[in-house]
Amino acid sequence: MFVGDIFGSAGRHIVREHLPHLLETHSVDLLIVNGENAAGGFGITPSIAEDLFDLGAHVITTGNHIWDKREIFEYMNVPSDSHARGRRILRPANYAVTTPGFGVYEGVLADGQAYAVFNLQGRVFMSSCDDPFRKADELLSKIKAKVILLDVHAEATSEKVALGWYLDGRVTAVLGTHTHIPTADERLLPQGTAYQTDVGMSGPYDSVIGVERELVLQRFLTGMPGKFEPAKANPKLCATLIECDGATGRACRIQRIMLGE
Ligand SMILES: [Fe+2]
Ligand SMILES: [Fe+2]
């Protein structure tokens, strides 16, 4: 199960409310959550990361907001062969190699099932980073696990769709994040990769992608700078459930989930 961008306290609240029953009902083996907006919409703190791990997350993925809270730098500063929680929070793999943390994690579940998760950021309408396509090739040449999930954190649908086709048959799932809007295009690609352009935000939907409506409207209406505050109203959890063959990594089912209060 993959939970889309958890946004602020409203997002953390709705995730806390629904995760326990979702994990049980669907017999979830592996839980991955995107936490880039978990701290007031901007970044993630070590204590929030700890809470998400306590809720059952195996890996936390992120994106362009990963550096918004400085406290996370030190938390992520662990050796590459560590399995500590700080090693299981990822930043996009195609960032500069000198940045803290890692963009890929390989782990083993209690039942012996190996898995890998990696995180990439798009380049279209986003700040510059390395080529996500070639970075995916490079990472996949080293990953040993068959069950592999990619969180592609990108703005443009075209870039995500292209990456889905590029990796079809090479990973279990390509799931998009960052736009905070769930897309209805979940499908199994022909070579066995589950794909969805964007899982959607887990956060307040009476907002503009998580932020208080009035503040964003004023920005659009006047072009003047202003502080963005996270909204609270109408929280929803957005997640995507994938079923796959553990031996081959091929996906056989993908299901979109959206739950309100
Ligand atoms: Fe986000
Ligand atoms: Fe983002």
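Quick note: residue numbers are just sequence positions, from 1. All ligand and atom numbering here is 1-based and tracks the order in the structure. Being a predicted model, the structure only gives us computed values, none of them experimental.
Both cation-pi conditions hold for R219 and F228: the charged atom is under 6.0 angstrom from the six-membered ring centre and inside a 45 degree cone around its axis.
Protein N/O/S atoms closer than 2.8 Å to the Fe ion (ligand 1), listed by chain and residue number, are D5 OD2, E36 OE2, N37 OD1, H180 NE2.
Within the structure, the salt bridge (charged side-chain N to carboxylate O under 4.0 Å, His left out) test picks out the following pairs touching residues 163-187 (sequence neighbours left out): D137-R170, E186-R256.
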Please report, to 0.1 Å, the donor-acceptor pairs under 3.5 Å made by any side chain of residues 69-82, with sequence neighbours excluded.
from : atom 1 : to  : atom 2 : distance (Å)
K69  : NZ     : F42 : O      : 2.9
Y75  : OH     : E50 : OE2    : 2.6
S82  : OG     : A84 : N      : 2.9

Which atom pairs, donor and acceptor, lie under 3.5 Å between side-chain atoms of residues 110-122 and protein residues at least two apart or in another chain?
from : atom 1 : to   : atom 2 : distance (Å)
D111 : OD1    : Q113 : N      : 2.9
Q113 : NE2    : G246 : O      : 3.1
N119 : OD1    : T62  : N      : 2.8
N119 : ND2    : T62  : O      : 3.4
N119 : ND2    : D151 : O      : 3.1
Q121 : OE1    : N64  : N      : 3.4
Q121 : OE1    : Y95  : OH     : 2.4

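Remark: R213 does not engage D206 in a salt bridge, criterion side-chain N to carboxylate O under 4.0 Å.
For H58 and Y105, the ring centers are positioned 6.0 Å apart or more.
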